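Take a look at the structure set out below.
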Number of protein chains: 2
Amino acid sequence: MTTGRRGLQPRKQPRQARAELTRQRILTAAAHVFAEYGYAAGTTNRIAERARISIGSLYQYYPNKDAILAELLTRHLDAGGDAIRSRQNEEQPDSFEEIIRGFVRAVIENHLDDPQLLRVMMEHGPRSPELFEKITRHERDRVVYTQELLERHPEVRVEDTHVAARLVVSTVELIVHQLIAAPGSIDTTRLENELVAMLTRYVTAAPGGAGGVERPRDEGRAPGGPGARPS
Amino acid sequence: MTTGRRGLQPRKQPRQARAELTRQRILTAAAHVFAEYGYAAGTTNRIAERARISIGSLYQYYPNKDAILAELLTRHLDAGGDAIRSRQNEEQPDSFEEIIRGFVRAVIENHLDDPQLLRVMMEHGPRSPELFEKITRHERDRVVYTQELLERHPEVRVEDTHVAARLVVSTVELIVHQLIAAPGSIDTTRLENELVAMLTRYVTAAPGGAGGVERPRDEGRAPGGPGARPS
DNA sequence: GTCTATACCAAGATAGAC
DNA sequence: GTCTATCTTGGTATAGAC
């Protein structure tokens, strides 16, 4: 029998699994397209083309372009959070340097997949308030976490742990973004080492030591001072 | 005589001065609009509206939207270059920390005018190859300059001055961008001090010292190691 | 030299056949 | 559930009056 099935048989239609696969295809395609063309020129048509589905099908899975970017970014943030949390649980390194290293490494690994894409996501996309909220919240969490870390650890010598935490978090995130995506890319191992060195020295050196912060504040620096220009 | 002038009199038409003023109005308006709406939503209509001229007039001064952004960015870069060069000439501070401080301060001052705008310019705009070239060149110059600085100064202890220079330049630029534009803005003096402390300690601490870089490289870290996720 | 009105185009999103 | 064809929108840029 060539057509062995009877019409009444349910035929086991892949309702969810297949759909989920298509969503994933779209996401992957979008990642490449955004990475290559940027947000504005990363059109839905291109995404659909790359995913090898029609534009109509695409809109059956996502209501609009921003939703695609949003999910992409959500996954990235979640991955980042998971990475840090898992590190935190698995190992409890003793030296502060090792903690910083774990942090830096997690961020680097989370960016290795597609650095260009990440730049687009952080830079071009987040105009929707919902997205912005998500990013802000995520960053705040990391600052809080880092600040606690700084306060808990005896080696740490900083005046204001909050400011230091913000500096550390921003530095890691931004530098990794920038230097991994850069054309003349730096070796990631080297980048990791340098970043770790910089942050560790910053945070553990006693104030007043080499390059300490304890200098007289406000020596009359006014906005628009030397070197400033109208523009 | 109410109409005292004869038709033949040249009437001293403000040919250049007035035009230059209008260009400046457009630029100022564009700065605000880009800062508020971002590049894509910063439409020429809005810019014209804000400059209180018609859209038609706007296009008599600039051929297209990108040209406006380009000039905005050019002015910023030039201002930054000038600031650093003037510092370099005016004062020759002895301690390395003071040099770094001058550098950091120049960047901060150059961003105080309109931090939001700067983010847009660096992030959204540079799709045109000409612009991109300009930015790249500018950054490369700064890296070269910084690298020479590192090599000249005896206090400096880094293995690879090129990598260190890139790290320093990127850090200053990115962190200042980010933290000055941030909502819960940090006091600029504090930011300056912390940044200076971080960079100075990084660059002057002996390798192998506190948080030194001289650890065994490559301990088998592979891409996709622990903490990585598909995404 | 400034304006209004509009052409033109690209991209997002939808309708409706299959 | 997927497609093609098309509508809609909004933004850049221009034409032509004044």
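All of these numbers come straight from a predicted model, not from anything done at the bench. Reminder, nothing fancy here: chain letters follow the sequence lines and each chain counts from 1.
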- Task: Please list residues of residues 46-56 of chain A whose heavy atoms come under 4.0 Å from any atom in DNA chain D, ordered by number; otherwise none.
- Result: A:Ile53, A:Ser54, A:Ile55, A:Gly56

- Specify the residues of residues 26-35 of chain A, ordered by number, for which at least one heavy atom lies under 4.0 angstrom from an atom of DNA chain D. none

Atom-to-atom span, [atom1] of [X] to [atom2] of [N] - whole angstrom:
X	N	atom1	atom2	result
A:Gln60	C:dA15	CD	P	12 Å
B:Tyr61	D:dT12	OH	P	20 Å
A:Ile68	C:dA13	CD1	C1'	12 Å
A:Asn64	D:dT8	CG	C1'	16 Å
A:Tyr37	C:dA11	OH	P	11 Å
B:Asp66	D:dA13	CG	C1'	13 Å
A:Asn45	C:dT14	CG	P	14 Å
B:Leu58	C:dG1	CG	P	16 Å

Is there a donor-acceptor pair under 3.5 Å between the side chain of [X] and the backbone N or O of [Y]?
X	Y	answer
B:Lys134	B:Leu77	no
B:Thr28	B:Gln24	yes
A:Ser86	A:Ala83	yes

- Message: Using the side-chain contact (heavy atoms from CB on, under 4.5 Å) criterion, which residues pair with B:Tyr61? Sequence neighbours excluded.
- Response: B:Ala19, B:Thr22, B:Arg23, B:Ile26

- Want to settle it: does A:Thr43 or B:Thr22 sit nearer the 5' end of DNA chain C, counting the closest nucleotide to each? B:Thr22

- Task: Carefully, step by step, assess B:Glu36 and B:Arg46 under the rule salt bridge (charged side-chain N to carboxylate O under 4.0 Å, His left out).
- Result: CA-CA 11 Å; B:Glu36 185 168 354; B:Arg46 272 198 249 261; over 6 Å; no

- Task: Dump the intermediate steps for salt bridge (charged side-chain N to carboxylate O under 4.0 Å, His left out) on A:Glu109 and A:Arg105, then the final yes or no.
- Result: CA-CA 6 Å; A:Glu109 278 166 2; A:Arg105 196 173 283 183; 5.2 Å; no

- Note on the structure: Scanning both residues in full, the closest heavy-atom pair of B:Arg166 with A:Ala182 reads NH2-CB, 3.5 Å

- Taking every non-hydrogen atom, the tightest pair across A:Ala35 and A:Leu117: CB-N, 3.6 Å

- Task: Would you mind telling me which of C:dA13, C:dT2, D:dT2 lies closest to the side-chain atoms of A:Ser57?
- Result: D:dT2

- Query: With a non-hydrogen cut-off below 4.0 angstrom, is B:Tyr62 in contact with a base, only sugar-phosphate, or nothing?
  - Reply: nothing

- Task: Ignoring backbone atoms, test whether B:Thr44 places a side-chain nitrogen or oxygen under 4.0 Å from the OP1 or OP2 oxygen of D:dT12.
- Result: yes

- Query: Under 4.0 Å between a side-chain N/O of B:Tyr59 and OP1 or OP2 of D:dA13, yes or no?
  - Reply: yes

- Item | Between A:Tyr202 and B:Tyr202, ring centroids under 6.0 Å | no

